[in-house]
Amino acid sequence: GCGFGGLEAARRLEGADVDVTVIEKTNHHLFQPLLYQVATAGLAAPSIAAPVRALFRAQPRITTLLGEVSAIDPAARALRLANGSLVSYDHLVVAAGAAHSYFGHDEWAPLAPGLKTLSDAFEIRRRVLMSYEAAETATDPERRRALLTFVVIGAGPTGVEMAGTLAEIAKHTLSGEFRRIDPGSAQVLLVEGGPRVLQAMPESLSQKALEQLQRLGVEVRLNARVTAIDATGLEVEAGGGASGAPATSYRIDSSCVVWAAGVAASPLGRMLGEATGAECDRAGRIKVEP
C-alpha cells in the first residue's frame with residue numbers, strides 16, 4: 001500500500017542499505033482527508049492525488065509495482081499478486097488502509113456509495129450534479145423533492161464534512177444557475193445512529209460541530225438507524241435503545257444517498273492474521289503489541 005503508512009515507511013528507508021518494493025493497486029497516492037472536496041466539485045483530482053512513481057523518482061532503490069496482493073505466505077516470505085506473479089521479501093510492511101463496511105448489508109453499496117477512492121468521489125459528484133439536473137426538468141413536485149433531498153449516513157469526520165459541503169453547494173455555489181428550481185431549497189440530511197456527531201471527539205466539540213452544521217442548513221438526525229436502502233430512498237428507525245424514546249420508523253425519499261457510517265480494515269488484515277495466527281478484532285484490524 002502507498003497511502004500515508006506505506007509512503008512514510010518507504011520514505012524513512014531512504015538512504016538505508018536496502019531494496020524497497022512498493023506494491024499499490026492504483027498508480028497514485030491519495031490525500032484522503034480532502035477526498036470529499038473532489039466528490040463535491042470543490043477540487044480537481046490532481047490536487048489530492050500524486051503519481052506514486054513520481055514520488056519515488058529520486059530514490060533509485062525503491063521499485064514500484066502496480067498490483068493487488070491476493071495471498072501472503074509468511075513461511076516462504078512471499079506475496080502472490082492477483083495476476084499470478086510472486087514477490088519475495090525479507091521484511092513485510094502491510095499498510096493497506098481501510099474499506100467500506102455496510103454492517104452485513106453489502107447490497108447497499110451500489111445504492112449508497114462510500115468515499116475511499118477517486119472513483120468513489122467521481123461517482124458521488126456525478127450523482128449530486130445529476131440530481132440537480134434531473135430536478136430542473138422534473139414536473140412532478142414529489143419527484144422534484146426527492147431529487148433535491150441529499151442524505152449522508154454517518155456523522156463521523158467524512159459524513160460531517162460531506163453534509164456541510166453539500167449544504168454550501170445548495171445555498172451558495174449553485175445559486176442563480178438554474179431557472180426552474182431553487183438549489184437553495186435542497187434538503188441535506190445527516191443521519192447518525194449514535195447520540196451525537198463526531199463521537200470520537202470531546203462532547204464540547206461535537207456540540208460545536210452540530211451547531212455549525214445547523215447554521216449551514218444541514219438537518220441532523222441523531223439516534224437514527226438506517227434499516228433499509230433502495231433505489232428511491234431509505235428506511236430509518238429512530239429512538240429506542242439508550243435514548244429511552246419509543247422506536248419509530250419512517251421513510252426518506254432521496255435520489256442521492258452517501259454512505260459514511262462505517263469502515264473495516266483492508267481484507268489483507270484478516271489474510272495476514274490467518275497466515276500468521278495473529279488475532280484480529282471485529283473490524284479486521286490486527287491487534288498489535290505496544
Side-chain angles (χ1 to χ4, degrees), residues 34-45 47-48 100 102 105-192 197 212-221 224 226-236 250-262:
L34 287 179
L35 194 56
Y36 77 99
Q37 290 277 14
V38 175
T40 52
L43 287 175
S47 300
I48 65 165
H100 305 301
Y102 287 88
H105 291 280
D106 290 344
E107 71 276 10
W108 293 352
L111 305 167
L115 189 58
K116 284 283 181 285
T117 67
L118 281 179
S119 296
D120 294 336
F122 293 150
E123 176 59 19
I124 290 172
R125 181 169 67 183
R126 184 191 69 80
R127 294 188 185 202
V128 170
L129 297 178
M130 290 307 295
S131 290
Y132 282 104
E133 295 294 344
E136 178 80 344
T137 60
T139 56
D140 176 53
E142 289 300 310
R143 170 66 176 157
R144 179 177 285 179
R145 184 180 60 81
L147 287 165
L148 292 177
T149 299
F150 301 90
V151 180
V152 180
I153 302 171
T158 297
V160 165
E161 290 168 339
M162 176 65 68
T165 307
L166 286 173
E168 289 181 332
I169 288 173
K171 301 293 189 294
H172 305 293
T173 308
L174 297 180
S175 178
E177 294 190 5
F178 292 85
R179 299 295 174 261
R180 298 177 179 176
I181 62 169
D182 172 18
S185 67
Q187 185 180 29
V188 179
L189 302 177
L190 180 59
V191 179
E192 165 58 42
V197 304
Q212 289 184 28
L213 285 167
Q214 292 171 335
R215 283 197 296 270
L216 285 169
V218 177
E219 182 178 338
V220 181
R221 299 188 181 182
V226 174
T227 57
I229 304 175
D230 57 43
T232 59
L234 60 154
E235 300 286 338
V236 178
Y250 60 89
R251 180 173 179 81
I252 301 172
D253 292 325
S254 171
S255 65
C256 189
V257 180
V258 178
W259 183 265

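Quick note: residue numbers are just sequence positions, from 1.
- Remark: Glu177 engages no residue in a salt bridge (charged side-chain N to carboxylate O under 4.0 Å, His left out) (not counting sequence neighbours).
- For the pair Ala167 and Val218, the tightest heavy-atom approach, listed with the atom from each and the gap, is CB-CG2, 3.7 Å.
- The nearest pair of heavy atoms linking Ile181 to Ala135 is CG2-O, 3.4 Å.
- Distance alone, capped at 3.5 Å, places no donor-acceptor pair between the Tyr132 side chain and the Ala186 backbone.
- Heavy atoms only, all atoms of each residue included: Val257 and Pro113 are closest at O-CD, 3.4 Å.
- Inter-residue side-chain proximity for His105 and Trp259 is flagged as unmet; no heavy-atom pair is nearer than 4.5 Å.
- Scanning both residues, Val191 and Ala224, for their nearest heavy atoms gives CG1-O, 3.5 Å.
- In this structure, Leu216 CG and Leu190 CG are separated by 11.5 Å, a value rounded to the nearest 0.5 Å.
- With a 4.5 Å cut-off on side-chain heavy atoms, Gln37 and Ile48 do not count as touching.
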* To do: Go through the steps for Ile229 and Ile153 under the test side chain to side chain contact (heavy atoms under 4.5 Å, CB included), then give the verdict.
  => CA-CA 11 Å; Ile229 304 175; Ile153 302 171; 3.9 Å; yes
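- In this structure, the side chains of Arg221 and Leu189 come closer than 4.5 Å at one or more pairs of heavy atoms.
- In this structure, Thr40 and Val128 have side chains that are not in contact, with every pair of non-hydrogen atoms separated by 4.5 Å or more.
- Interatomic distance, CD of Glu161 versus CG of Leu34, reported as 8.0 Å (0.5 Å rounding).
- Each side chain to side chain donor-acceptor pair (under 3.5 Å) pair with one or both residues in residues 108-120, not counting sequence neighbours, appears once here: His100-Asp120, Thr117-Asp120.
- Note on residues 145-156: pairs passing side chain to side chain donor-acceptor pair (under 3.5 Å), not counting sequence neighbours, are Glu142-Arg145.
- With rounding to the nearest 0.5 Å, the separation of CD1 in Ile124 from CE in Met162 is 4.5 Å.
- Separation of atoms OG1 (Thr227) and CZ (Arg251) is listed at 10.0 Å; rounding is to 0.5 Å.
- Qualifying salt bridge (charged side-chain N to carboxylate O under 4.0 Å, His left out) partners for Glu136, counting only residues two or more places apart in sequence or in other chains: none.
- With sequence neighbours excluded, no residue forms a salt bridge (charged side-chain N to carboxylate O under 4.0 Å, His left out) with Arg144.
- Here ring-ring contact (aromatic ring centres under 6.0 Å, His included) pairs that include residues 153-177, with residues two or more places apart or in two chains, number zero.
- Atoms CZ and CG, on Arg127 and Leu111 in that order, are 7.5 Å from each other to the nearest 0.5 Å.
- Contact between Ala121 and Leu35 at its shortest, heavy atoms only, is CB-CD1, 3.9 Å.
- Taking all atoms of both residues into account, the shortest heavy-atom contact from Ala163 to Val188 is O-CG1, 3.6 Å.
- A distance of 8.5 Å separates CG of Asp182 from NZ of Lys171, quoted to the nearest 0.5 Å.
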